[in-house]
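These notes are about the structure you will find just below.
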Amino acid sequence: MRHIVVAALLCGFAYSAQVEGAALRPFLGLGYTSGGETLLPVTVSPQGSSTQYKEDISAGAGVEGRVGLSFRLSEAPVSIRASYGIHNDQANGITNERIFFRRYPVELIGYYHFTDRASVGIGVRRATRPALRLKNAQLTTTGGTKVSGVNAVVDFESSTGVVLEGEWLLTPNWGIGVRYVREHFTYDGVERVRVNADHIGVNTQWYFR
């Protein structure tokens, strides 16, 4: 599915670049989200300092980037937006440690435009290939033993989520938005575990043409 979406987006870029006055507009987006259950509590201890702080890895948090296409219907205040992105929550240690939860969301959202600047949308989202990865991590067991150099991958399965988003265009090409996403992930541990990944976020989009 991921390859189909990417191919469709590339075709759309080519189409919008060739057709004068086309309502199909490529865009790039960047945002930050917060929410979801904690997947792994992480405590970072800077070298030479007694201060410790938490950077817990959460199922709904992280930085999110996307590329996509927006199609505005010429005879109605309605548009459709399709995108493919990367969503990543990450914590880095001081000894090449990396712990991150990464997924690649595919979204399809329909928007109603109240004005040329304000719109509200609802759609669906599927966060493909979700995985929690540990690289050269240091973990503490329940018995208090510290284990260094841990490398592991925990694969998750995603649900089809729902996206609610409002957007305000500051210029004809630049918009800012707020969103709420309802979704969850599951993985096989000792038993089947469901993880809540509902989150809120802020984002910005740059539309070409």
CG-CG distance between L132 and L40, expressed to the nearest 0.5 angstrom:
6.0 Å
Mind checking the OG1-CD spacing from T204 to E167? Nearest 0.5 Å is all I need.
8.0 Å
Closest non-hydrogen atoms of S58 and G35, given as atom of the first, atom of the second and distance, are CB-O, 3.6 Å
Is the count of non-hydrogen atoms from other residues, nucleotides or ligands lying under 6.0 Å from N151 atom CG greater than 12?
yes
Note: R133 and V153 closest approach over all heavy atoms is NH1-CG2, 3.4 Å
Looking at CD1 of I99 and CG of D56, how far apart are the two atoms once the value is rounded to the nearest 0.5 Å?
10.0 Å
Residues at least two apart in sequence or cross-chain that pass side-chain hydrogen bond (donor to acceptor under 3.5 Å, both in side chains) with T186, listed by chain then number, are R192
Going through the checks in order, is the side chain to side chain contact (heavy atoms under 4.5 Å, CB included) test met by R102 and Q90?
CA-CA 8 Å; R102 184 172 296 170; Q90 182 166 320; 3.7 Å; yes
Heavy-atom pair of closest approach, residues V195 and A59
CG1-CB, 3.7 Å
Is L170 linked to L28 within one hydrophobic cluster, defined over Ile, Leu, Val, Met, Phe, Trp and Tyr using a side-chain heavy-atom separation of less than 4.5 Å?
yes
Is I86 close to V63 at the side-chain level, that is, under 4.5 Å between some pair of heavy atoms?
no
Test item: L108 and I80 side chains (from C-beta on) under 4.5 Å apart, heavy atoms:
yes
For N203 and R66, what are the C-alpha separation, side-chain angles and deciding distance, and is it a side chain to side chain contact (heavy atoms under 4.5 Å, CB included)?
CA-CA 10 Å; N203 52 61; R66 62 178 61 89; 4.2 Å; yes
Heavy-atom pair with the smallest gap, counting every atom of D89 and R103:
N-NH1, 3.8 Å
Could you check if a side-chain atom of L39 sits within less than 4.5 angstrom of a side-chain atom of F156, using non-hydrogen atoms only?
yes
With a 4.5 Å limit on heavy-atom distance, are the side chains of V202 and I176 in contact?
no
Cluster check L134, F100: I/L/V/M/F/W/Y, side chain < 4.5 angstrom:
no
Can you tell me if Y207 and R72 form a side-chain donor-acceptor pair at under 3.5 Å?
no
Using distance alone, with no hydrogens and no angle criterion, decide if E107 and Y84 have a side-chain donor and acceptor under 3.5 Å apart.
no
Has L73 got more than 12 heavy atoms of other residues, nucleotides or ligands less than 6.0 Å from its CG?
yes
Carefully, step by step, assess E165 and R81 under the rule side chain to side chain contact (heavy atoms under 4.5 Å, CB included).
CA-CA 11 Å; E165 182 168 89; R81 199 171 79 183; 2.7 Å; yes
Heavy-atom side-chain proximity of N196 to R194 below 4.5 angstrom
no
Judged by modelled atom types alone, do T160 and R126 share a side-chain donor-acceptor pair under 3.5 Å?
yes
Just by modelled atom types, is the A118 backbone N or O under 3.5 Å from a matching donor or acceptor in the T115 side chain?
yes
Sort and list the pairs that fulfil ring-ring contact (aromatic ring centres under 6.0 Å, His included) and have at least one residue in residues 162-186, not counting sequence neighbours.
F101-F185
Can you tell which of R125, R179, R182 makes a salt bridge (Lys or Arg N to Asp or Glu O under 4.0 Å) with D198?
R182
With under 30° as parallel and over 60° as perpendicular, where do the rings of F208 and W206 fit, or are they tilted in between?
perpendicular
When you measure from the side chain of S70 to the backbone of R25, do you find a donor-acceptor pair of N or O atoms at a distance under 3.5 Å?
no
Could you walk me through whether I57 and V42 pass the side chain to side chain contact (heavy atoms under 4.5 Å, CB included) test, one step at a time?
CA-CA 7 Å; I57 304 300; V42 178; 4.0 Å; yes
Are V78 and I122 connected in the hydrophobic side-chain network, where two residues link if heavy atoms are under 4.5 Å apart?
no
Would you say that D116 contacts L169 through its side chain, given a criterion of any heavy-atom pair below 4.5 Å between the two side chains?
no
Distance-only donor-acceptor check, side chains N88 and E64, under 3.5 Å
no
Contact check, side chains of Y111 and V120, non-hydrogen atoms, under 4.5 Å
no
I'd like to know if the side chain of S158 reaches the main chain of A127, judged simply by a donor and an acceptor atom lying under 3.5 Å from each other, with no hydrogens or angles considered.
yes
Does S159 use its side chain to pair, donor to acceptor, with the backbone of E183 at less than 3.5 Å?
no
Heavy atoms of other groups near R98 CZ, more than 12 under 6.0 Å:
yes
Hey, could you give me the CZ/OG distance between F71 and S79, rounded to the nearest 0.5 Å?
10.0 Å
How far apart are the closest heavy atoms of A61 and H87, and which atoms are they?
O-NE2, 3.6 Å
Is it the case that atom OH in Y187 sees more than 12 heavy atoms from other parts of the structure closer than 6.0 Å?
no
Could you tell me the separation between the CG atom of L69 and the CG atom of L24, rounded to the nearest 0.5 Å?
5.0 Å
Can you find a side-chain donor-acceptor pair between S34 and H199 that sits under 3.5 Å?
no
Counting C-beta onward and ignoring hydrogens, is there a side-chain heavy-atom pair between F27 and S83 closer than 4.5 Å?
yes
